[in-house]
Amino acid sequence: MPEILQFDLSAIPDFTEAVLAENARLSEMTGQSRLALVRTYGCQQNAADGERIKGVLSELGYGFTEQPEEAHLIIFNTCAVREHAEDRVFGNLGALKKLKNRRSSLIIAVCGCMAKQPHIAERIKKSFPYVDIVFGTNGIHRLPEYLYQALAQRRKVCQIEEQDSICEGMPVIRAEGGRALLSVMYGCDNFCSYCIVPYVRGRERSRRPEDILAEAEQIIAAGYHEILLLGQNVNSYGKGLDEPINFAELLRRINALPGDFRIKFMTSHPKDCTPELIDTIAACEKVCNYLHLPVQSGSDRILAQMNRRYDREKYLSLIRYAKEKVPGISFSSDIIVGFPGETEEDFAQTLSLVEEVEYDSLFTFIYSKRKGTKAADLPDVTPHSEKTERFARLLALQEQISIKRHQSFLGRKLRVIAEEEGKTGPGYLTGRSDENIICEFPGDPSLIGKPVWIVAREAKPFWMVGDCL
Ligand code: SAH
Ligand code: SF4
Ligand code: F3S
């Protein structure tokens with residue numbers, strides 16, 4: 001069992017009171033309240049961490065801003081999954097140098113998946129010496145202590161050797177828009193050969209079901225209409241807990257909570273996806289008829305090299321079972337193009353799988369070499385131009401499939417949770433349907449966060465246009 005910590009600011013009065021006092025002193029001196037900018041990169045897990053960072057900061061006397069110029073504290077909560085994600089952070093960090101020169105009292109922190117890698121922490125120290133605090137993915141609960149050191153003691157902090165733990169009771173400031181993120185587990189034990197996540201997020205650990213249910217109840221009471229359950233591989237939920245429980249059972253328990261809300265979850269690893277899980281989607285009325293099931297490649301040879309531990313046939317049999325048990329179910333997937341050694345024949349297998357499944361949407365990535373992973377040692381001879389060309393062919397195929405699938409919804413009623421203003425401009429809203437289709441429709445901003453029924457009028461490749469009923 002991993003260590004379970006209970007977050008409690010009153011148990012660390014030395015840090016908490018010193019930071020609050022310092023913030024109060026600075027506010028009084030400058031006549032401005034203290035503002036923090038928390039910028040989160042990467043996946044929903046990181047977004048959930050960003051909401052906890054904000055929760056802790058709020059209790060330490062900070063308000064929030066999106067403008068670096070007016071922030072007294074800037075935190076970059078980073079992602080390491082691809083080189084491009086890291087480059088963006090380095091670029092944005094470089095841009096903070098001027099601000100820090102102008103205002104030495106500005107505190108800059110870098111945390112999250114990127115910071116957790118020793119060679120990156122070293123690079124930050126060398127190339128961005130004006131960064132005050134560096135910590136990893138499992139140090140949010142120690143933020144009061146780090147701020148105390150940086151703010152009250154004017155000391156630099158670099159703490160990336162954190163223990164894998166679970167911290168309950170952390171304050172949280174959730175995003176608005178109707179959807180609340182709820183982590184059911186942390187870390188990953190799968191070690192897919194291309195992936196950095198197990199190295200930066202630590203070993204897999206599941207939260208206790210009673211803690212998850214209590215958080216779900218708070219979310220429902222706060223008026224959210226969607227709960228998005230998060231884990232790198234939710235299908236292995238429950239391992240190591242005292243009570244024998246699997247993810248399907250957890251879904252049933254959340255489904256049984258009273259309230260007007262829907263449940264989505266990600267990510268399901270195909271190797272651990274069971275008929276029981278699919279039967280549970282079919283049986284639970286609040287669980288959406290939607291499954292994100294990343295396949296990564298359609299070629300058995302590449303899947304074996306990726307250490308995914310399923311093959312094309314096992315994957316397709318799951319899809320067939322889901323189509324039979326949950327009529328109309330929507331699928332989405334992640335696919336990596338240009339994994340080391342991927343041949344044209346392997347890629348053709350991916351295209352044919354995509355055609356067979358008929359996904360609603362795909363998240364597609366060109367392989368990015370990650371230091372320290374197994375795949376980083378594999379010879380990678382395919383020219384980049386060939387990889388981008390394959391990537392474009394995959395996108396074009398998916399566009400055709402999405403539009404065809406969206407056309408099948410024309411004239412139908414869809415229940416959408418309005419998330420934000422639409423791309424078309426004022427007077428339009430956008431949100432996701434229960435089937436996870438992005439929908440845009442004319443509507444008043446007062447509807448944001450609420451479920452609305454629309455009739456689908458027009459099918460586009462990436463979204464549908466509709467009208468409120
Ligand atoms: N736990 C999830 C996904 C985590 S990362 C799962 O198993 O599906 C999200 C996606 O990023 C992965 O599904 C994969 O498609 C992509 N990805 C991860 N590492 C990558 C790399 N080195 N290069 C390109 N894409 C990568
Ligand atoms: Fe990465 Fe694989 Fe774990 Fe997903 S399951 S986070 S792809 S190692
Ligand atoms: Fe997520 Fe990126 Fe970390 S995808 S788990 S934030 S490496």
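Counting starts at 1 for both ligands and their atoms, following the listed order. Reckoned from all heavy atoms, side chains included, excluding hydrogens, waters and symmetry mates.
For atom 9 (C) of ligand 1, the nearest non-hydrogen atom of the protein is Asp334 OD2, 3.7 Å. Among all non-hydrogen protein atoms, the one lying nearest atom 7 (O) of ligand 1 is Arg308 NH1, 3.5 Å. Here the heavy atom of the protein found nearest to atom 7 (S) of ligand 3 is Ala80 N, 3.2 Å. Atom 1 (Fe) of ligand 2 has its closest protein heavy atom at Cys195 SG, 2.3 Å. Nearest to atom 16 (C) of ligand 1 among the protein's heavy atoms is Arg82 NH1, 3.3 Å. Protein heavy atom in closest approach to atom 8 (S) of ligand 2: Cys192 N, 3.3 Å. Scanning all protein heavy atoms for the shortest distance to atom 4 (C) of ligand 1 gives Gln232 OE1, 3.4 Å. The closest protein non-hydrogen atom to atom 5 (S) of ligand 2 is Asn190 ND2, 3.4 Å. The single protein non-hydrogen atom nearest to atom 5 (S) of ligand 1 is Val81 CG2, 4.0 Å, given as residue, atom name and distance. Nearest non-hydrogen protein atom to atom 7 (S) of ligand 2 is Tyr194 OH, 3.4 Å. Among all protein heavy atoms, the one lying closest to atom 2 (Fe) of ligand 3 is Cys79 SG, 2.3 Å. The nearest heavy-atom contact from the protein to atom 8 (O) of ligand 1 is Pro294 CG, 3.1 Å. From the protein, the heavy atom lying nearest to atom 3 (Fe) of ligand 2 is Cys188 SG, 2.3 Å. For atom 21 (C) of ligand 1, the closest non-hydrogen atom on the protein side is Ser368 O, 3.6 Å.
A salt bridge links Glu386 with Arg390: the distance from a Lys NZ or Arg NE/NH1/NH2 to an Asp or Glu carboxylate oxygen falls below 4.0 Å. A salt bridge links Arg253 with Glu243: the closest approach of a Lys/Arg side-chain nitrogen to an acidic carboxylate oxygen falls below 4.0 angstrom. The pair Glu276-Arg252 counts as a salt bridge, with a side-chain nitrogen and a carboxylate oxygen less than 4.0 angstrom apart. The pair Glu3-Arg203 fails the salt-bridge criterion, with no side-chain N (NZ, NE, NH1 or NH2) lying under 4.0 Å from an Asp/Glu carboxylate O. Asp49 and Arg52 are not joined by a salt bridge, as no carboxylate oxygen comes within less than 4.0 angstrom of a charged side-chain nitrogen. Arg432 and Glu226 are not joined by a salt bridge, as no carboxylate oxygen comes within less than 4.0 angstrom of a charged side-chain nitrogen. Under a 4.0 Å N-O distance rule, the pair Glu66/Arg39 does not qualify as a salt bridge. Salt bridge Arg201/Asp189: absent, no basic N to carboxylate O contact under 4.0 Å.
Defined by atom type and a distance below 3.5 Å, a donor-acceptor pair is missing between the side-chain atoms of Asp380 and Tyr367. Side-chain contact annotation: Thr343 with Glu345, donor-acceptor N/O pair under 3.5 Å absent. If you check the side chains of Glu204 and Ser236, you find a donor sitting under 3.5 Å from an acceptor. In this model, a donor atom of one side chain and an acceptor atom of the other lie less than 3.5 Å apart for Asn233 and Asp272.
Heavy-atom distances between Arg201 and ligand 3 reach below 4.0 Å in at least one pair. The shell of residues lying under 4.0 angstrom from ligand 1, judged by heavy atoms, excludes Met306. The shortest separation from a heavy atom of Asn190 to ligand 1 is not under 4.0 Å, leaving the residue out of contact.
Distance CD1/Ile245 to CD1/Ile212: 7.5 Å, rounded to 0.5 Å.
By the 3.5 Å distance cut-off applied to N or O atoms, Asn233 is not counted among the residues near ligand 1. For ligand 1, one of its N or O atoms has an N or O atom of Tyr194 under 3.5 Å away.
Taking the six-membered ring where the residue is Trp, the centroids of Tyr290 and Phe331 are separated by 6.0 Å or more. The aromatic ring centres of Phe265 and Phe247 sit less than 6.0 Å apart.
Contacts with ligand 2 closer than 4.0 Å are made by side-chain heavy atoms of His269 only, the backbone lying farther away. The proximity of Met114 to ligand 3, defined as any non-hydrogen pair under 4.0 Å, does not occur for either the backbone or the side chain. Residue-level proximity to ligand 3 for Cys43 is carried by backbone and side chain together, each with a heavy atom below 4.0 angstrom. With a heavy-atom cut-off of 4.0 Å, Gln296 touches ligand 1 through its side chain alone. Residue Ile366 touches ligand 1 through its backbone alone, judged by heavy-atom distances below 4.0 Å.
For ligand 2, the atoms closer than 4.0 angstrom to any heavy atom of Pro198 are 8 (S). Of all the atoms in ligand 3, the ones that sit under 4.0 Å from a non-hydrogen atom of Gln232 are 5 (S). Listed by number with element, the atoms of ligand 1 under 4.0 angstrom from any heavy atom of Arg370 are 22 (N). For ligand 1 and Tyr367, the ligand atoms under 4.0 Å from any heavy atom of the residue are 23 (N), 24 (C). Of all atoms in ligand 2, numbered sequentially from 1 with element shown, those under 4.0 Å from a heavy atom of Phe191 are 8 (S). Close contacts of ligand 2 with Arg308, meaning ligand atoms under 4.0 Å from a residue heavy atom, involve 2 (Fe), 7 (S). Annotation for ligand 1: atoms under 4.0 Å from non-hydrogen atoms of Thr267 are 2 (C), 6 (C), 8 (O). For ligand 3 and Asn46, the ligand atoms under 4.0 Å from any heavy atom of the residue are 6 (S). In the vicinity of Cys113, heavy-atom distances shorter than 4.0 Å reach the ligand 3 atoms 3 (Fe), 5 (S), 6 (S), 7 (S).
Judged purely by atom type and a 3.5 angstrom limit, Lys156 uses its side chain to pair as donor or acceptor with the backbone of Val131. Within the 3.5 Å criterion, the main-chain N or O of Val357 finds a donor-acceptor partner in the side chain of Lys323. Looking at Arg308, its side chain never comes within 3.5 Å of a backbone N or O of Ser297 through a donor-acceptor pair.
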Worked verdict on Gln398 versus Glu358 for side-chain hydrogen bond (donor to acceptor under 3.5 Å, both in side chains): CA-CA 8 Å; Gln398 182 54 41; Glu358 295 196 308; over 6 Å; no
